[in-house]
There are 2 protein chains.
Amino acid sequence: MLQVSRKFEYGLHAVTYLATKGLGRVVTVKEMADEIGFSQEFLSKAMQSLKRAGIAASVQGVKGGYRLGKATEEITVADIAIAIEGEPHLVRCGVKADRCEIFSSCHHRGYMNILQHKIQGLLNATTIHTLLKEIER
Amino acid sequence: MLQVSRKFEYGLHAVTYLATKGLGRVVTVKEMADEIGFSQEFLSKAMQSLKRAGIAASVQGVKGGYRLGKATEEITVADIAIAIEGEPHLVRCGVKADRCEIFSSCHHRGYMNILQHKIQGLLNATTIHTLLKEIER
DNA sequence: GTTAAATAGGACTATTTTAAGCCTATTGCC
DNA sequence: GGCAATAGGCTTAAAATAGTCCTATTTAAC
């Protein structure tokens with residue numbers, strides 16, 4: 001339970017990789033996949049999600065690739081999670097009420113929602129900038 | 001991502017149900033499943049896990065069933081999560097190193113572990129006692 | 001203008017995890 | 001002994017995740 005998806009891990013690695021290359025440098029998915037050690041196809045999907053969220057920017061065509069879409073101070077771990085997996089729902093009634101057969105009589109929803117916001121707060125508290133500083137140490 | 005399992009939800013509901021019935025009262029899985037609105041078979045598995053962890057105590061035989069194994073002040077949400085789903089692993093390298101192909105070169109493990117402990121801390125901060133008080137309000 | 005290298009993204013498949021269900025003990029009160 | 005309960009192994013079903021394949025589009029280089 002409470003495990004992060006592979007795609008999120010791919011995305012986080014890609015973002016920190018792009019960050020170390022600097023804001024300007026355009027990097028191909030192939031280079032990232034080779035350097036980090038992932039499947040190129042799958043990483044590509046993660047990059048597309050990051051691009052839609054504005055976290056990465058893409059350049060099409062032969063000399064194309066990706067670069068960061070924002071400063072590292074403006075990207076949080078939560079941003080990456082949401083870009084790749086959508087808004088988090090700790091309990092399934094958050095996705096859709098009819099996913100829980102006891103929705104109307106449930107006593108836990110309030111607590112679970114608070115818990116979810118706290119977890120979200122933790123993810124929001126780390127920017128890529130601070131994450132990189134911790135790594136460099 | 002970061003969604004709690006159904007079995008955990010079942011377990012949490014069962015524990016709060018037992019708690020409202022008082023420490024002494026023995027309740028059958030059938031009664032709990034009917035009252036809460038769950039599958040009896042599946043809830044039964046959750047109860048077995050809770051029993052192994054000492055959170056619930058069982059009485060076998062005709063007049064058998066479950067009751068709480070501890071005071072509500074001594075059961076945290078984290079205890080229930082661990083009883084039912086085992087130790088949490090936010091990233092799959094926590095389960096087993098070879099579940100990640102870039103284990104040796106990974107830069108994020110430190111941060112992910114810290115994050116995991118913080119989430120665990122949140123779950124640990126709520127006892128069933130305090131959860132019930134919030135519900136009663 | 002053709003080619004080649006890149007992103008974009010839809011559709012599909014495979015794998016893994018989660019959720020259930022089934023069946024057979026075993027226990028213990030009546 | 002019979003019945004109503006837990007105990008738990010084994011199997012199946014459903015859902016989510018991970019990964020692949022294929023085709024289009026873009027654009028630099030020739």
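Each chain gets a letter, A, B and so on, in the order its sequence line appears, and its residues count up from 1. For clarity, every value in this text was computed on a predicted model and none was experimentally measured.
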Participant: Mark yes or no for whether A:Q116, through its side chain, and A:L90, through its backbone, hold a donor-acceptor pair below 3.5 Å.
Facilitator: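 Yes, because the side chain of A:Q116 sits within donor-acceptor range (under 3.5 Å) of the backbone of A:L90.
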Participant: Can you list, by residue number, the residues of residues 78-99 of chain B that have a non-hydrogen atom closer than 4.0 angstrom to DNA chain C?
Facilitator: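 Of all residues in residues 78-99 of chain B, the ones placing a heavy atom under 4.0 Å from DNA chain C are B:R99.
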Participant: When the nearest nucleotide of DNA chain D is assigned to B:Y66 and to B:Q3 on a heavy-atom basis, which residue is associated with the more 5' position?
Facilitator: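 That would be B:Y66.
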Participant: For atom NZ of B:K7, decide whether the heavy atoms of other residues, nucleotides or ligands shown that lie under 6.0 angstrom number more than 12.
Facilitator: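 More than 12 heavy atoms, drawn from other residues, nucleotides or ligands, come within 6.0 Å of this atom.
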Participant: Using the six-membered ring wherever Trp is involved, compare the ring planes of B:Y10 and B:F38 and label them parallel, tilted or perpendicular (cut-offs 30° and 60°).
Facilitator: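 Answer is parallel, since the angle falls under 30°.
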Participant: State whether A:S58 places a side-chain N or O below 4.0 Å from either non-bridging phosphate oxygen (OP1 or OP2) of C:dA6.
Facilitator: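 False: A:S58 side-chain N/O out of range (4.0 Å or more) of C:dA6 OP1/OP2.
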Participant: Is it true that B:E9 and A:R99 have a side-chain N and a carboxylate O under 4.0 angstrom from each other?
Facilitator: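 Looking at B:E9 and A:R99, the cut-off is not met.
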Participant: For the backbone of B:V4 and the side chain of A:R92, can you confirm whether one donor and one acceptor N or O come within less than 3.5 Å of each other?
Facilitator: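 The answer is yes, because a donor-acceptor pair under 3.5 Å joins these two groups.
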Participant: Would you mind reading off the distance between B:Q48 atom CD and C:dA25 atom P, rounded to a whole angstrom?
Facilitator: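 Atom CD in B:Q48 sits about 16 Å away from atom P in C:dA25.
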Participant: Using the side chain to side chain contact (heavy atoms under 4.5 Å, CB included) definition, which of the options B:V29, B:D34, B:T28 pairs with B:E31?
Facilitator: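 So the option named by the test is B:T28.
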Participant: List the protein contact pattern of nucleotides 19-29 of chain D with one symbol per nucleotide (5' to 3'): B for base contact, S for sugar-phosphate-only contact, - for none; contact means a heavy-atom distance under 4.0 Å.
Facilitator: BBB----BBB-
Participant: Given atom CG of A:L18 and atom C1' of C:dT7, what is their separation to the nearest angstrom?
Facilitator: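 Nearest whole value for this atom pair: 14 Å.
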Participant: Return the value, rounded to whole Å, for the distance between atom CZ of A:R52 and atom P of C:dT7.
Facilitator: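 In whole Å, C:dT7 P lies 14 Å from A:R52 CZ.
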Participant: Is the charged tip of B:R109 near the ring of B:F103: under 6.0 Å from the six-membered ring centre and within 45° of its axis?
Facilitator: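 Yes, B:R109 and B:F103 form such a contact.
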Participant: B:L43 CG to C:dA19 C1': how many Å, rounded?
Facilitator: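 Rounded to the whole Å, the gap is 13 Å.
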Participant: Using a 6.0 Å cut-off, check whether atom NZ of B:K70 has over 12 heavy atoms from anything other than its own residue.
Facilitator: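 Yes, enclosed.
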Participant: Is there a salt bridge (Lys or Arg N to Asp or Glu O under 4.0 Å) between B:E35 and B:K21 once you walk through the steps?
Facilitator: CA-CA 12 Å; B:E35 281 292 315; B:K21 294 296 166 185; 5.9 Å; no
Participant: Between atom NZ in A:K7 and atom P in C:dG9, what is the gap in whole Å?
Facilitator: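 Checked: the NZ to P distance equals 12 Å.
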Participant: Without hydrogens or angle criteria, can the side chains of B:T16 and A:H107 be said to hold a donor-acceptor pair below 3.5 Å?
Facilitator: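 On atom types as modelled, these side chains do not qualify, holding no pair under 3.5 Å.
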Participant: Determine the sole option in B:T127, B:T130, B:N124 for which the side-chain hydrogen bond (donor to acceptor under 3.5 Å, both in side chains) test with B:T76 is passed.
Facilitator: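 In the set B:T127, B:T130, B:N124, the residue that makes a side-chain hydrogen bond (donor to acceptor under 3.5 Å, both in side chains) with B:T76 is B:N124.
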Participant: Pull out every residue in residues 24-34 of chain B that has a heavy atom closer than 4.0 Å to any atom of DNA chain D, ordered by number, or say none.
Facilitator: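 Correct list: B:T28, B:V29.
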Participant: Please report the distance, rounded to the nearest Å, between CZ in B:R67 and P in D:dA5.
Facilitator: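 So the two atoms are 17 Å apart, to the nearest Å.
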